[in-house]
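Atoms within each ligand, like the ligands themselves, are counted from 1 in listed order. These numbers were taken from a predicted model, which means no experiment stands behind them.
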Amino acid sequence: MKLIIGPAAEGDFYFDRPYLDELFWKKLQESRNLSIAAPRRVGKSSFMLNLLKNEKEGFHCTYIITESINDPNEFFKKIYKTLLSLLNTSGKFKQFFEDVFKRLEIKKISLNEIEFGRNEINYYEEILLLCKEVKESDARIVLLVDEFSQTVENIITDQNRDTAKNFLHQCRELRQSPDVKAKISFVYTGSIGLENLVLSIDEPRSISDLGHFTIPPLSVEEAKQLNTQIIDNDPVKFEPKARTYFLQKLNWLLPYFIQVIMSEIDTICKEKATSLITPAIIDEAFTKALDNRSYFEHWLVRLRSIFKGNEFSCAKEILKIAATQNGIDFYKLQDVITKYNIEDAAPLINILQHDGYLVRDEENKKYRFNSPLLQAWWLKNIVI
Ligand SMILES: Nc1ncnc2c1ncn2[C@@H]1O[C@H](COP(=O)(O)OP(=O)(O)O)[C@@H](O)[C@H]1O
Ligand SMILES: [Mg+2]
């Protein structure tokens, strides 16, 4: 089977949705700069890496990941280095490079590495200088910045809110400075919703110019195709109706969950020396997947890192009720919020929805788990 669990899916392992790429390019042209906010494991990194290989004419994508960066100047340094490496050091940029080499005392330059001799360089200013040099007729640069919201969160925690506010404004100014605006598009992603983060430090204006792009879960038809792609040339096959049973049981059709369950199915089939996937095997695969802490633990870790003290206890109780009672109705939810003295619960509920734990069920006036798999894991591992 062609399985990948955890790292970004690439090449033959990537399930391609060309219409999503099309939508992405359309949105990018409309909004110029985008944010892709989606819970972890939805496939953001995989999607961006695929864009690199399928650029639209007139665009040039480049990918960076800034997850560990906790300092604004470090962030701009990474952008600056990336932009420098995109330009050809000979030809029309020769003079510019010679000046930069002198001014910044560049010690070493290779394809992936540029070492600056001078300390205390203001990389934000250097990006502006650099962008003046890029001609508008060149392909538009699309800077895919993965885990940008983690960078913002790092700056909030390792430095302070004011530094983070200032950083967000600098990013906005950069996007709007005429030389940058004409030549570069920024695409930020994050597993932590950027909006919620920005709201938490009272700076919604700093990202109000960004368009939003979403990576939806798979449709039933796509999920079936992914099943087939994963099975590849293996002789295993689904018993009639078993595939439908699988997808109904999964409900939230994330490629990640499909990979996880298919991997368990693969093991069980091998153990039982069978090549027919039955509903019983599917049930067993779900149960086995729940034993694997590493598949789901990031959901708990995530919750711990966003919510502190009372908010964490409140979120945990909400999820506990939703897990044990197949949802939490609006009245009960209000009781829990009051019990924990949460003044403004909207951000908390927003995050629980955005991060993929809960969905709002308007008809039944309740919130319930988005994924029965995650619900079962929560029940087994968190609710004691
Ligand atoms: N398009 C896809 N095709 C196949 N598997 C995918 C795809 N997108 C995501 N996955 C599955 O989800 C996992 C996490 O994907 P990733 O792109 O790292 O998500 P994110 O960056 O949103 O956390 C992958 O290891 C793979 O199992
Ligand atoms: Mg990722």
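Aromatic pair Phe312/Phe307: centroids not less than 6.0 angstrom apart. Here the two rings, on Tyr367 and Phe330, have centers that are under 6.0 Å apart.
In terms of polar-atom proximity, Pro7 is counted as a contact of ligand 1, with an N or O under 3.5 Å from an N or O of the ligand. Close N/O approach between Val42 and ligand 1 is found [any backbone or side-chain N/O within under 3.5 Å]. Residue-to-ligand polar distances keep Phe47 apart from ligand 1: every N/O pair is separated by 3.5 Å or more.
Of all protein N, O or S atoms, those under 2.8 Å from the Mg ion (ligand 2) number 1.
For atom 19 (O) of ligand 1, the nearest protein heavy atom (residue, atom name, distance) is Gly43 N, 3.1 Å. Protein heavy atom nearest atom 3 (N) of ligand 1, with residue, atom name and distance: Phe15 N, 2.8 Å. The protein atom (non-hydrogen) at minimum distance from atom 14 (C) of ligand 1 is Gly6 O, 3.7 Å. Of all protein heavy atoms, the one lying nearest to atom 23 (O) of ligand 1 is Arg41 N, 2.7 Å. For atom 12 (O) of ligand 1, the closest non-hydrogen atom of the protein is Tyr256 CB, 3.4 Å. Of all protein heavy atoms, the one lying nearest to atom 10 (N) of ligand 1 is Pro255 CB, 3.6 Å. Scanning the protein for heavy atoms near atom 5 (N) of ligand 1, the closest one is Gln259 NE2, 2.9 Å. Summary of contacts: the protein heavy atom closest to atom 26 (C) of ligand 1 is Ile4 O, 3.5 Å.
In the displayed structure, Lys380 atom NZ is contacted under 6.0 Å by more than 12 heavy atoms of other residues, nucleotides or ligands.
Using cut-offs of 30° and 60° for the angle between ring planes, the Phe59 and Trp25 rings count as tilted. Ring geometry for Trp378 against Phe369 counts as tilted: the plane angle lies between 30° and 60°, on a 0 to 90° scale. Between Phe167 and Phe75, the angle of the ring planes goes over 60°, which puts this pair in the perpendicular group of the 30/60° scheme. Note on ring orientation: taking the six-membered ring where Trp is involved, the planes of Tyr80 and Tyr123 are tilted (angle from 30° to 60°).
Here the side chains of Leu210 and Leu194 are in contact, with some heavy-atom distance below 4.5 Å. Considering only heavy atoms from C-beta on, Gln229 stays 4.5 Å or farther from Gln225 through its side chain. Put simply, the side chain of Arg175 reaches to within 4.5 Å of the side chain of Cys171, judged on heavy atoms. Looking only at side-chain heavy atoms (C-beta outward), Arg243 and Asn227 come within less than 4.5 Å of each other.
Remark: Glu317 engages Lys339 in a salt bridge, criterion side-chain N to carboxylate O under 4.0 Å. Salt bridge status for Glu74 with Lys78: absent, with no side-chain N to carboxylate O gap under 4.0 Å.
The residue Asp146 has no part lying near ligand 1, judged by heavy-atom distances below 4.0 Å. Contacts between Lys44 and ligand 1, counted as non-hydrogen atom pairs separated by less than 4.0 Å, involve both the backbone and the side chain.
Numbered from 1 in the order shown, with element, the atoms of ligand 1 that lie under 4.0 Å from a heavy atom of Ser46 read 8 (N), 9 (C), 15 (O), 16 (P), 17 (O). Atoms of ligand 1 found under 4.0 Å from any heavy atom of Ile5, numbered from 1 in the order shown, are 25 (O), 27 (O). Ligand-side atoms of ligand 1 in range of Phe13: 3 (N), 4 (C), range being under 4.0 angstrom from any heavy atom. Within ligand 1, the atoms closer than 4.0 Å to a non-hydrogen atom of Arg40 are 23 (O), numbered from 1 in the order shown. Using a 4.0 Å cut-off to heavy atoms of Tyr14, the atoms of ligand 1 that qualify are 1 (N), 2 (C), 3 (N).
Under a hydrophobic-cluster definition in which Ile, Leu, Val, Met, Phe, Trp and Tyr are linked whenever side-chain heavy atoms come within less than 4.5 Å, directly or via other members, Leu333 and Val359 are assigned to different clusters.
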